[in-house]
Amino acid sequence: MTLQQLHYTSAAPGPDGSGFRFTAVSDDLPAALLGEVEQLVGYEPPRAAPARPTADELTTFPIAFSHHLLSDGSRLLCRAVYTGTDYSGRYGNFHAHAVRLSPADALPGGMLPIQAWESSFWADSTPGDGVLAGEPTSAGRIDKARLLEFVRARAERLEPFLADVRNLFLDPDAPQLLVVERDSADVAHWIAVASAVLPRERAGRLTFTTYTRRPGLARQQIVGTSPDADTDAADADRRFRVHDCAGGRSSPARDDAPDAWAAVAARLWLAGLPELVSGTVRNPEGTGPDAPYDAGRLAVLAAREGVALDAAGRTAAARRAMEQPPTSDRFALLTGLAAGGTARTAEEWTALAALADEFAPLAGHAITDPLVRDLRAELTRASDEPLPVLLSLHRLAEALRLDLTAALPALTTRMSAALLDDNDDNDDKDRAAVRAALGAHPELAAAVLGSLDRAAATGDPAAVARVLADGIPGADLEPHPHLRMAAALGMAGQHTDRPGLLDSLMKAAGAEHQGEPSVLRTAVRLIWGDTPIRPVEAGILLAELPEAWCRAAGLDDSFVQAALDSEPDDPEAPELAKALLLNRATTLAPRQRAALLLLELAGDLTAGEALTGYAGRAVALRAQALPLEPGIETRVSTALAERLLDSTAPPGELLALVQGGDEPFLRAYDRAARREGVADRMRGTPGYAAECFAAWQTAPGAGALWEEIRTGLLTSVLRPVVRRMPAEDVDELLGDLRRRGGPWASAFQDWNRPGVLGRISGRWRARGGNRPGTAGARGPGDIEPPREERP
């Protein structure tokens, strides 16, 4: 096969002109490509190079060995060197010798382009006879020994370089690689490394140049340059992945996850086994786009060869091992994984745990000593690790027969918390991992159940009930009374009789636990949760549960609170107050006792069972019960007002209320007296109107508040009723007042004449109002009548 060739340099005048021009071109090389080729074969010496180099200095100039992809799909392999002077003696000349490879052509022997580096085929001048013969051969300048020596001298750049080369293969839009070296031969070595870790076809089409003074104009995938190149730093950071081995700044590590394949491949190169890397790349297992760069497959080979791997490599090897059946060399692999050597990551521990069954027969064997040492250290500091990692550590430790006594409490706490926490969807995997571990490890299940039992007793038992409802593999609830109750709640379904359900849960806990305060507390919290106990339920529990149980479990406070927070119309609240005052009197705070006495009094007032003196008692108790719960205040105020407005009210009660001066009670009385029902009753029963007149005419001057209330009631409630009364009803009203004796009748006649209300009220205030002890008939609330006026 004859390859198309060309030469390009500054030549003396001839048929094709003078200066830089093609000095020899194969006849069959398409002339249409020459313009494109001319743009690729140029050469500029480094800025730091001597302007007038000697012959010895010329040997130090970089060689621009390049491989280009042309627009027609063919390739151009070119070697350009600086030659010093041209035909006229001027400095700045170079010579380029190139071959064109059509899409169907390959280099002799399937040689890769970089293998032609410094082949004897390349000429530094145009052949004098014009014959373009021969073909590139491998000069053997870059063999395995030289490559290994080279990469070991640059070990810190090897892994990131391999990662970037792999990216060239996987991503068609991957950035170019810019390699900075003082010697272009070193760039050629980097290109040789890249070619060795690419699939053969890709390596044959890898574009590169070992040197250019202007990297910004280069279009090859790997661009070599010198430290003094014309490079814009910002443009380089944007366009290239920079690997500067001449003391400059290289590109930082990628933001994505570390490249496990590159890490393993670098270690194999440094261990002198690059053929393992090339072999897996060029003979992949599988057909996916990542198949040539299977980190797990490569890591398994490395571990079997005894090559020390980092955490990413060991993780990849362990994951790969789980996908394949064990082979005869499995022992070597496990030995490599156990050896460690660098800090192990959470991902590695999880992967190693998947091989726990294979490590188990090796427990106590010398090869597991490093793994056991690392595992013990990890268990002492891993309480904050993700839960799957903790479970992996436990599984591996169990296989290696480590004592887990010290690590079990932290693991148990984390497992219980994962089961109980249902607020985060991301924890579903944790909960699934926990349930799987509980099914496989009875000792873990027992420990977690004990933790959940404690959580039910001291935390949120409803959450524990939800966990049990979802099921726990191998759960034995017999030793755990709180869990038995939580499970019984889940089986009970909807239950409206909550005291009855409490009895069922206590039985589920077992007779031996029913007297334990914590068991009773858990049962109550399971049933009521954050919902307050209703007075009717508190009354039932108060009657049925032993006092000692309630006190020890702290239920008495709940019972008292149920009464204090009761609604004004709750029919059971007064009875609950009565029971608490009877059975828990010694444990009540003074304010609580006064409030409960008011609640009891309200019930008695409503039932008509209150003893005489209730108004004064209500005033005194309210002062002791402040701040009084709104429900009790509304209830007792309403009951007291309605009782005082009843015609059967005992003597002296309203006067006691007025003299007590309790504003809420007096305002409640005012509101009750203004209800339409009171006016209706006065219209239908003149005698009741007489009672109200007597009540609202009494105790003038007893205080500004009462004066405002009574005059308001006389004016806006009683007067409209009386003015619309038939004459016979007014006579009946007046007759009732006469039967009471005293001045009530004449007072009414004066009051009922138009325009005299103010005069009558003023006259009574001047006389000082009524005094306690005055004899005479009583009206509603037992208001004393005014004394007779003396001449």
Side-chain angles (χ1 to χ4, degrees), residues 456-459 461 481-482 485 498-503 505-506 509 511 513-568 570-607 609-611 613-614 616-637 639:
T458 61
H482 302 275
M485 290 191 296
R498 295 194 286 192
L501 180 57
L502 179 69
D503 182 63
L505 295 192
M506 294 293 289
H513 298 293
Q514 290 188 10
E516 296 177 12
S518 64
V519 170
L520 180 55
R521 279 195 300 269
T522 298
V524 170
R525 285 165 41 235
L526 276 170
I527 298 170
W528 279 274
D530 295 331
T531 305
I533 297 176
R534 293 186 291 124
V536 63
E537 297 168 337
I540 294 172
L541 298 180
L542 188 65
E544 293 182 353
L545 294 175
E547 181 179 351
W549 289 15
C550 294
R551 182 174 293 114
L555 292 186
D556 283 351
D557 291 340
S558 298
F559 298 158
V560 171
Q561 205 61 45
L564 296 178
D565 292 339
S566 61
E567 296 295 326
D570 190 313
E572 304 294 335
E575 287 302 315
L576 175 59
K578 192 184 298 290
L580 289 169
L581 289 165
L582 179 64
N583 298 299
R584 302 292 193 267
T586 59
T587 62
L588 295 172
R591 194 205 71 81
Q592 291 176 327
R593 184 174 184 278
L596 293 176
L597 285 170
L598 275 176
L599 181 55
E600 179 188 32
L601 176 60
D604 290 343
L605 288 169
T606 301
E609 299 174 355
L611 300 176
Y614 57 76
R617 186 165 174 241
V619 171
L621 287 174
R622 189 180 179 286
Q624 300 171 31
L626 295 176
L628 184 59
E629 285 73 11
I632 297 179
E633 178 154 332
T634 298
R635 185 182 204 122
V636 71
S637 297

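Side chains are part of it too, since the values below use all heavy atoms of this structure and drop only hydrogens, waters and symmetry mates. All values reported here derive from a predicted model rather than from experimental measurement.
The shortest heavy-atom contact between Met506 and Ala523 is SD-CB, 4.0 Å. Considering every non-hydrogen atom in both Val560 and Leu580, the closest pair reads CA-CD1, 3.7 Å. In terms of heavy-atom proximity, Ala602 sits nearest to Ala639 at O-CB, 3.8 Å. Scanning both residues, Asp570 and Ser566, for their nearest heavy atoms gives CB-CB, 4.4 Å. Of all the heavy atoms in Ile527 and Leu501, the pair that sits closest is CD1-C, 3.7 Å. Shown here for Met485 and Ala509, the closest heavy-atom pair between the two residues is CG-CB, 3.7 Å.
Glu516 is linked by a side chain to side chain donor-acceptor pair (under 3.5 Å) to His513, counting only residues two or more places apart in sequence or in another chain. The side-chain contact (heavy atoms from CB on, under 4.5 Å) test applied to Ala610 returns Leu601, Asp604, Leu605, Tyr614, not counting sequence neighbours. The side-chain contact (heavy atoms from CB on, under 4.5 Å) test applied to Ser558 returns Ile533, not counting sequence neighbours. Pro571 pairs by the side-chain contact (heavy atoms from CB on, under 4.5 Å) definition with nothing, not counting sequence neighbours. Scored by the side-chain contact (heavy atoms from CB on, under 4.5 Å) test, Asp556 finds Cys550, Arg551, Phe559, Arg584 as partners (sequence neighbours excluded). Considering only residues two or more places apart in sequence or on other chains, Thr522 meets the side chain to side chain donor-acceptor pair (under 3.5 Å) condition with His482. For Gln561, the side chain to side chain donor-acceptor pair (under 3.5 Å) test picks out Asp565, with sequence neighbours left out. Residues forming a salt bridge (charged side-chain N to carboxylate O under 4.0 Å, His left out) with Asp557 (at least two apart in sequence, or on another chain): none. Residues forming a salt bridge (charged side-chain N to carboxylate O under 4.0 Å, His left out) with Arg622 (at least two apart in sequence, or on another chain): Glu633, Asp662.
Applying the salt bridge (Lys or Arg N to Asp or Glu O under 4.0 Å) rule to pairs touching residues 585-595 yields Arg591-Glu629, sequence neighbours excluded. Applying the salt bridge (Lys or Arg N to Asp or Glu O under 4.0 Å) test to every pair with at least one member in residues 522-532, sequence neighbours left out, gives no pairs at all.
Between Leu588 and Leu581 the shortest side-chain heavy-atom distance falls below 4.5 Å. When side chains are defined from C-beta on, Leu599 does not count as touching Val636, because their heavy atoms never get closer than 4.5 Å. Inter-residue side-chain proximity for Glu547 and Asn583 is flagged as unmet; no heavy-atom pair is nearer than 4.5 Å. The shortest distance between side-chain heavy atoms of Leu520 and Leu545 falls below 4.5 Å.
A distance of 10.0 Å separates CG in Leu597 from NZ in Lys578, rounded to the nearest 0.5 Å.
The closest donor-acceptor contact from the side chain of Arg521 to the backbone of Ala552 lies under 3.5 Å.
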Please tabulate, one pair per line, all N/O donor-acceptor pairs under 3.5 Å involving side-chain atoms of residues 535-542, not counting sequence neighbours.
unit_1 : atom_1 : unit_2 : atom_2 : d
Glu537 : OE1    : Arg498 : NH2    : 3.1
Glu537 : OE1    : Trp528 : NE1    : 2.8
Glu537 : OE1    : Arg534 : N      : 3.1
Glu537 : OE2    : Arg498 : NE     : 2.8
Glu537 : OE2    : Arg498 : NH2    : 3.1
Glu537 : OE2    : Arg534 : NH2    : 3.2

